[in-house]
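Everything numeric in this text was worked out from a predicted model, so none of it was measured.
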Amino acid sequence: MKRRRGSLSLIHIHPEEFARQLTLVEHDLLRSIKSWEFLNQGWTKKDKATRAPGIIKMIKHFNQVSKWVATEIVSQREKKERVFVMNKCIEIAEKCKLLNNLNGMSEIIAGLQTSAVYRLKGTWPDLPSKQIEAFEEMVELMSSRSSFKNFRSHLQLCGPPAIPYVGIYLTDLTFIEDGNQDIVFDHLLNFAKCRSISKVILSTQQYQVTPYCLEVVPAVQQFILNLKFLEDEECYKQSLKIEGRGAAGAATPSTNIPESSDDPEEAALPSEVRVS
């Protein structure tokens, strides 16, 4: 875990400061999203970069952070170093949660849930039990059961400033758009559908207007904005190098994460935030 002289790396940034700067970066991304970007599932269309530029930027950032977390872990050849990095990532996720940055928390947890990381049965048992418990609590918080009931309940208690997990709102809008016709009774506009869409958009806007009172640390923000990461397939190959198939070890955390396979395509990044 050495670094080049003058370079910045994860191990040299305090978890709380990393979480603060990640939160500032992500709140700027949230504020950049315009209300019209949420209409007509623009983020799924061929011209999505034009129809939903702010949403696409936030989605790409989510995926980049998740891939970076997995990359940082599988890049450590020594088990004690992997444990150190995993522990630090969980700490950062916890600090994000305390800052009401549920998007940041979720993307870090998603990185820890990828097949490349979750399969490391020789590494997980060496994490402190309190960190395993914290990880499991955050996974449970972001569970998709009952339409993300736990997340929605927690968000109501947060209040702004906060950064919600935007993927949930995109899922809500997709259900509304696909499940309701635009025109009813042959010629009448479906105002009930319009109201439902408006309600979701207003829910996101309330978190755009209240800023975080945190000091900017340019060097850390630049690090976050220029994360280096492996793509899923390469990340999984590296995972196999550090812990081969059938490596000895205790069970991985007892969360509701599906048992990982040797297929990197089954990495547990939320599908609604995938961008091709």
Side-chain angles (χ1 to χ4, degrees), residues 1-4 7-13 18 22 25-26 29 43 48-49 56-93 96 103-127 135 138-139 142 167 220 222-249 252-253 255 257-276:
M1 300 197 339
K2 296 180 180 180
R3 62 169 181 164
R4 295 189 303 271
S7 66
L8 196 62
S9 66
L10 171 64
I11 64 173
H12 297 96
I13 305 173
F18 193 104
L22 182 65
V25 167
E26 295 186 350
L29 287 171
W43 63 91
K48 56 194 173 188
I56 296 304
K57 286 180 181 178
M58 193 147 198
I59 289 173
K60 285 186 175 180
H61 170 81
F62 185 107
N63 288 334
Q64 287 170 356
V65 172
S66 297
K67 291 179 180 181
W68 169 77
V69 167
T71 299
E72 284 289 312
I73 294 168
V74 302
S75 296
Q76 313 306 323
R77 294 189 175 275
E78 298 296 327
K79 183 169 70 170
K80 65 179 182 180
E81 294 181 347
R82 292 198 295 277
V83 170
F84 179 88
V85 173
M86 290 170 73
N87 186 69
K88 192 155 190 175
C89 287
I90 293 173
E91 285 186 49
I92 294 171
C96 285
N103 187 77
M105 182 199 77
S106 181
E107 63 201 9
I108 293 171
I109 295 303
L112 289 162
Q113 287 180 281
T114 58
S115 292
V117 175
Y118 188 68
R119 64 170 296 279
L120 299 175
K121 298 182 184 296
T123 303
W124 281 99
D126 283 21
L127 279 170
F135 170 73
M138 288 184 282
V139 170
M142 297 307 299
V220 179
Q222 281 301 307
F223 176 80
I224 292 171
L225 290 170
N226 295 279
L227 296 174
K228 307 299 181 184
F229 55 86
L230 299 172
E231 293 299 336
D232 293 346
E233 185 175 353
E234 288 303 313
C235 200
Y236 197 84
K237 287 179 180 178
Q238 181 59 30
S239 175
L240 288 173
K241 288 180 181 179
I242 57 176
E243 284 191 28
R245 292 184 176 89
T252 44
T255 64
I257 309 169
E259 183 69 24
S260 62
S261 71
D262 288 341
D263 183 359
E265 292 302 318
E266 294 183 12
L269 287 178
S271 59
E272 64 268 27
V273 298
R274 284 285 194 180
V275 174
S276 58

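- Rounded to the nearest 0.5 Å, atoms OG1 (T123) and CD1 (I73) are 9.0 Å apart.
- Residues C89 and V69 approach most closely at SG-CG1, 3.9 Å, considering heavy atoms.
- The two residues S9 and F223 have their closest heavy-atom pair at CA-CE1, 3.8 Å.
- The CG atom of L29 sits 6.0 Å away from atom NE2 of H61, with the distance rounded to the nearest 0.5 Å.
- The minimum heavy-atom distance between K67 and E231, with the atom names listed, is NZ-OE1, 2.7 Å.
- For E78, there are no salt bridge (charged side-chain N to carboxylate O under 4.0 Å, His left out) partners, not counting sequence neighbours.
- By the 4.5 Å heavy-atom criterion applied to side chains, M138 and I108 are not counted as neighbours.
- A70 meets the side chain to side chain contact (heavy atoms under 4.5 Å, CB included) test with T114, V117, C235; sequence neighbours excluded.
- Here the closest heavy-atom approach between residue V85 and residue Q76 is recorded as CG2-CG, 3.9 Å.
- A donor-acceptor pair under 3.5 Å links the side-chain atoms of E26 to the main chain of G104, judged by distance alone.
- Counting heavy atoms from C-beta outward, V139 and L112 have side chains that stay 4.5 Å or more apart.
- R82 contributes atom CZ, which lies 11.0 Å from atom CG of L127 (distance to the nearest 0.5 angstrom).
- The shortest distance between side-chain heavy atoms of I109 and M142 does not fall below 4.5 Å.
- With sequence neighbours excluded, the residues that form a side chain to side chain donor-acceptor pair (under 3.5 Å) with E72 are W68.
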Practice prompt. Apply side chain to side chain contact (heavy atoms under 4.5 Å, CB included) to W124 and M86, showing your working.
Written response: CA-CA 9 Å; W124 281 99; M86 290 170 73; 3.4 Å; yes
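- Closest approach of K88 and I13 over heavy atoms only: NZ-O, 2.8 Å.
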Worksheet entry | Step-by-step side chain to side chain contact (heavy atoms under 4.5 Å, CB included) determination, I92 to L10 | CA-CA 10 Å; I92 294 171; L10 171 64; 3.7 Å; yes
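- For S75, the side chain to side chain contact (heavy atoms under 4.5 Å, CB included) criterion is met by T71, not counting sequence neighbours.
- Counting only distance, with no hydrogens or angles, the side chain of S66 and the backbone of E107 share a donor-acceptor pair below 3.5 Å.
- Under the 3.5 Å distance criterion, the side-chain polar atoms of R119 are matched with a main-chain donor or acceptor of S239.
- Q238 and V74 make their closest contact through CG-O, 3.1 Å (heavy atoms, listed as atom of the first residue, atom of the second, distance).
- Take K79 and apply the side chain to side chain donor-acceptor pair (under 3.5 Å) test, not counting sequence neighbours, and it matches D126.
- K48 places no side-chain N or O within 3.5 Å of a backbone atom of I56 that could act as its donor or acceptor partner.
- When the side chain to side chain donor-acceptor pair (under 3.5 Å) test is applied to E234, no partner is found at least two apart in sequence or on another chain.
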